[in-house]
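Sequential numbering from 1 along the given sequence is applied to the chain's residues. As the structure is a computational prediction, the values presented were derived from the model and not from experiment.
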Amino acid sequence: MATLSTSAWVLHELGLAAGFGGPLFGRLALRQAVKDIHSEAERGKVLSDAWQRYNLVNAISLGTAAATWFIGRTVISGRSIDRETRDLVRLKDILLGATLATSVASMVGGRQMREEAPERGVPLLKEGEAPAPRAPAKAAALQRLLGVMGPLNIALTAGVIGVTTVLAMKSGRSAKWSLLSRLLP
């Protein structure tokens with residue numbers, strides 16, 4: 001059981017790392033890098049192609065993090081932990097659910113946007129985020145939506161990582177929680 005639990009914890013942490021790191025890289029580095037592309041259409045295509053490639057990694061990563069958490073979570077009853085820990089576990093449930101929802105919404109929105117846009121990418125202004133005036137209306141609206149969903153997803157994933165860290169620290173201070181937390185990632 002300990003080996004299975006440790007493996008689940010490792011998979012959970014790797015899933016969160018990839019689910020956080022990829023979007024953060026895209027927001028802080030990739031979007032900045034496309035500024036050097038002079039064509040609005042080509043900027044949009046490069047970003048769209050990159051995100052479509054990363055979506056599979058993101059889906060597997062966050063799906064693994066969620067599966068390991070929610071499967072491990074089934075072994076805990078609310079009566080077996082103190083109120084503060086119970087509240088943290090519930091907070092993680094909510095944050096992880098919201099992270100999954102924003103990830104799925106971003107993936108679906110990105111795919112729809114790609115289908116609406118000419119040449120698989122919304123023409124983008126120089127900063128690599130705002131749609132160019134010549135972008136189709138529906139694709140431009142989806143691009144603006146994704147501009148909100150991306151940072152929200154990063155913040156939610158950071159919240160999951162933070163709560164996970166607090167729960168891990170609490171397990172070192174409580175013999176009862178330490179025993180139970182071995183079953184959770």
Side-chain angles (χ1 to χ4, degrees), residues 9-70 91-166 168 185:
W9 199 334
V10 168
L11 289 172
H12 181 76
E13 298 297 319
L14 288 172
L16 290 175
F20 179 75
L24 186 64
F25 168 80
R27 173 82 33 202
L28 298 179
L30 182 59
R31 286 189 182 276
Q32 297 302 311
V34 300
K35 285 182 178 180
D36 294 334
I37 299 172
H38 297 291
S39 162
E40 292 175 344
E42 191 64 23
R43 257 192 305 278
K45 184 179 177 306
V46 167
L47 282 174
S48 178
D49 286 350
W51 281 117
Q52 287 304 307
R53 286 186 187 103
Y54 195 76
N55 277 344
L56 178 61
V57 172
N58 203 34
I60 291 170
S61 299
L62 290 175
T64 299
T68 55
W69 171 253
F70 290 118
L91 177 59
K92 183 169 175 176
D93 290 345
I94 292 165
L95 289 171
L96 192 52
T99 297
L100 292 173
T102 56
S103 293
V104 169
S106 292
M107 288 179 208
V108 170
R111 183 169 301 276
Q112 288 176 342
M113 182 180 69
R114 188 174 169 95
E115 291 170 5
E116 292 290 323
E119 300 176 23
R120 298 186 334 258
V122 177
L124 298 174
L125 296 177
K126 193 73 168 172
E127 66 272 4
E129 187 168 324
R134 68 185 187 87
K138 184 174 180 183
L142 286 165
Q143 176 64 36
R144 285 189 289 275
L145 174 67
L146 294 174
V148 171
M149 295 301 277
L152 178 59
N153 180 264
I154 291 168
L156 289 166
T157 308
V160 173
I161 292 168
V163 171
T164 300
T165 302
V166 172

Restricting to non-hydrogen atoms, name the atom on Arg144 and the atom on Pro131 that form the minimum distance, rounded to 0.1 Å. NH1-CG, 3.6 Å

Working to the nearest 0.5 angstrom, can you tell me the gap between Trp69 CH2 and Thr164 OG1? 6.5 Å

Please report the closest heavy-atom contact between Gly19 and Asn58, naming both atoms and the distance. CA-OD1, 3.4 Å

Between CZ on residue Arg111 and OG on residue Ser48, distance to nearest 0.5 Å: 9.5 Å

Applying side chain to side chain contact (heavy atoms under 4.5 Å, CB included) to Asp49 and Arg114, what does each step give before you reach the verdict? CA-CA 9 Å; Asp49 286 350; Arg114 188 174 169 95; 2.8 Å; yes

Working to the nearest 0.5 angstrom, can you tell me the gap between Arg31 CZ and Leu47 CG? 5.5 Å

Using a 6.0 Å cut-off, check whether atom CZ of Arg27 has over 12 heavy atoms from anything other than its own residue. yes

Name all residues meeting the side chain to side chain donor-acceptor pair (under 3.5 Å) criterion together with Thr99; count only those two or more places apart in sequence or in a different chain, and write none if there are none. none

Smallest separation among heavy atoms of Pro23 and Tyr54, with atom names: CD-CE2, 4.2 Å

Enter the distance from Trp9:CH2 to Leu14:CG here, rounded to the nearest 0.5 Å. 13.5 Å

For Glu42 and Val46: C-alpha separation, side-chain torsions, deciding distance, then whether side chain to side chain contact (heavy atoms under 4.5 Å, CB included) applies. CA-CA 6 Å; Glu42 191 64 23; Val46 167; 3.9 Å; yes

Taking all atoms of both residues into account, what is the closest heavy-atom pair of Trp51 and Gly22, and its distance? CH2-O, 3.9 Å

Going from NZ on Lys35 to CG on Leu30, what distance comes out if it is rounded to the nearest 0.5 angstrom? 12.5 Å

Going from CG on Leu100 to CG on Leu156, what distance comes out if it is rounded to the nearest 0.5 angstrom? 10.0 Å

For the student: nearest non-hydrogen atoms of Met113 and Ala139, plus distance: CG-O, 3.7 Å

If every non-hydrogen atom of Phe70 is compared with every non-hydrogen atom of Leu96, which pair is closest and at what distance? CE1-CD2, 3.9 Å

Is there a donor-acceptor pair under 3.5 Å between the side chain of Ser61 and the backbone N or O of Val57? yes

